[in-house]
Amino acid sequence: MISSTGPIPPLHRKFNEQNSIEFIKNRYIHLHKVIKKQVVMLQKDESFCNKCDSYYKKGYKDWILLSVIHNCMLNWKINEIGSPLYKMVDRDELKKLANLLQDFECPTNLFLGDEFDEHIKIYNFTCLRTYGFELRQGTISPEIADSIERFLRDRMNHFRLDLPHNPLFGKPPGEWPDL
């Protein structure tokens, strides 16, 4: 994408740093309640930490990785109980299900495959709705996934903002941000 304002286009008019920081803080608060045990397991897995290191190098933040871990776990829990996520439209039902994740632990090797990478793309896609954009299609081709990531990176500061803390999956593993 070429911009008349330089190599990187200006921030999108929908970008609001204060709202974004509040969203990130709320993500950490919610995720700490529901997936804290899983995070401890993943912090001990060198292969998973190496995978996260590659995402950190691309600018991904812990709140994004944690959201993807949560979404993977939610998807696996839904499959376990036999009700696919795409059929769940009731947000209260999803919230109840998310609370079940507190005692749900997944083997760390499940997070090492391509499914985690696909969930990253899906999470980036659904973040557009969080920022107030309408999602007109439900599928994501590799080209669209790349375009979405660039848009979030360049126009929404999505990969720049975080709360101060050392990376949760760094070497050594960091702690959750102070909330």
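For this chain, numbers begin at 1 and follow the sequence in order.
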Inset, instruction - Find the distance between CG (Asn75) and NZ (Lys77) and round it off to the nearest 0.5 Å. - result: 13.0 Å
Inset, instruction - Might you confirm whether atom CG of Asp114 has over 12 heavy atoms from other residues, nucleotides or ligands at distances under 6.0 Å? - result: no
Inset, instruction - Please list, chain by chain and in numerical order, all residues satisfying side chain to side chain donor-acceptor pair (under 3.5 Å) with Glu105, sequence neighbours excluded. - result: none
Inset, instruction - Sorted by first residue and then second, give each salt bridge (charged side-chain N to carboxylate O under 4.0 Å, His left out) pair with at least one member in residues 168-179; sequence neighbours left out. - result: none
Inset, instruction - Flag the pair Leu31 / Ile69 as yes when at least one side-chain heavy-atom distance between them is below 4.5 Å, and no otherwise. - result: no
Inset, instruction - Give the minimum heavy-atom separation between Trp176 and Lys36, together with the two atoms involved. - result: CZ2-CA, 4.3 Å
Legend entry - Under-4.0 Å salt bridge between Asp53 and Lys57: yes
Legend entry - Nearest atoms (heavy-atom pairs only) where Gly113 meets Lys51: O-NZ, 3.5 Å
Inset, instruction - Starting at CG of Asp117, measure out to CG of Leu112 and round the result to the nearest 0.5 Å. - result: 10.0 Å
Inset, instruction - Calculate, to the nearest 0.5 Å, the distance between atoms OG1 and OH belonging to Thr126 and Tyr131 respectively. - result: 10.5 Å
Inset, instruction - Examine distances only and state if a side-chain atom of Gln43 and a backbone atom of Gly174 form a donor-acceptor pair shorter than 3.5 Å. - result: yes
Inset, instruction - Output all residues satisfying ring pair (Phe, Tyr, Trp, His ring centres under 6.0 Å) with His70, sequence neighbours left out; order by chain, then residue number. - result: His30
Inset, instruction - Identify the two heavy atoms, one from Thr108 and one from Met41, that lie closest to each other, and give their separation to 0.1 Å. - result: CG2-O, 3.8 Å
Legend entry - Partners passing side chain to side chain contact (heavy atoms under 4.5 Å, CB included) against Leu110 (at least two apart in sequence or in another chain): Trp76, Cys106, Pro107
Solution key, residues 58-66 side-chain donor-acceptor pairs under 3.5 Å, sequence neighbours excluded:
from  : atom 1 : to     : atom 2 : distance (Å)
Tyr60 : OH     : Asn124 : ND2    : 3.0
Tyr60 : OH     : Glu149 : OE1    : 2.9
Asp62 : OD1    : Tyr56  : OH     : 2.4
Asp62 : OD2    : His165 : NE2    : 2.7
Asp62 : OD2    : Leu168 : N      : 2.7
Trp63 : NE1    : Leu161 : O      : 3.0

Legend entry - Hphob cluster co-occupancy, Val40 + Ile35, side-chain heavy atoms under 4.5 angstrom: no
Legend entry - Point-to-point distance, once rounded to the nearest 0.5 Å, from NZ of Lys121 to CD1 of Ile148: 10.5 Å
Legend entry - salt bridge (charged side-chain N to carboxylate O under 4.0 Å, His left out) partners of residues 157-169, not counting sequence neighbours, each pair once: Glu17-Arg160
Legend entry - CD-NZ distance between Glu22 and Lys25, expressed to the nearest 0.5 angstrom: 5.5 Å
Inset, instruction - Answer yes or no: is there a side-chain heavy-atom contact under 4.5 Å between Ile122 and Val68? - result: no
Inset, instruction - Compute the ring centroids of Phe111 and Phe169, then answer whether they are less than 6.0 Å apart. - result: no
Legend entry - Spatial distance of atom CD1 (Ile29) from atom CZ (Arg27) [nearest 0.5 Å]: 11.5 Å
Inset, instruction - Decide side chain to side chain contact (heavy atoms under 4.5 Å, CB included) for Asp103 and Lys37; before the verdict, give the C-alpha distance in whole Å, the side-chain angles of both, and the deciding distance to 0.1 Å. - result: CA-CA 8 Å; Asp103 297 317; Lys37 285 183 183 179; 3.4 Å; yes
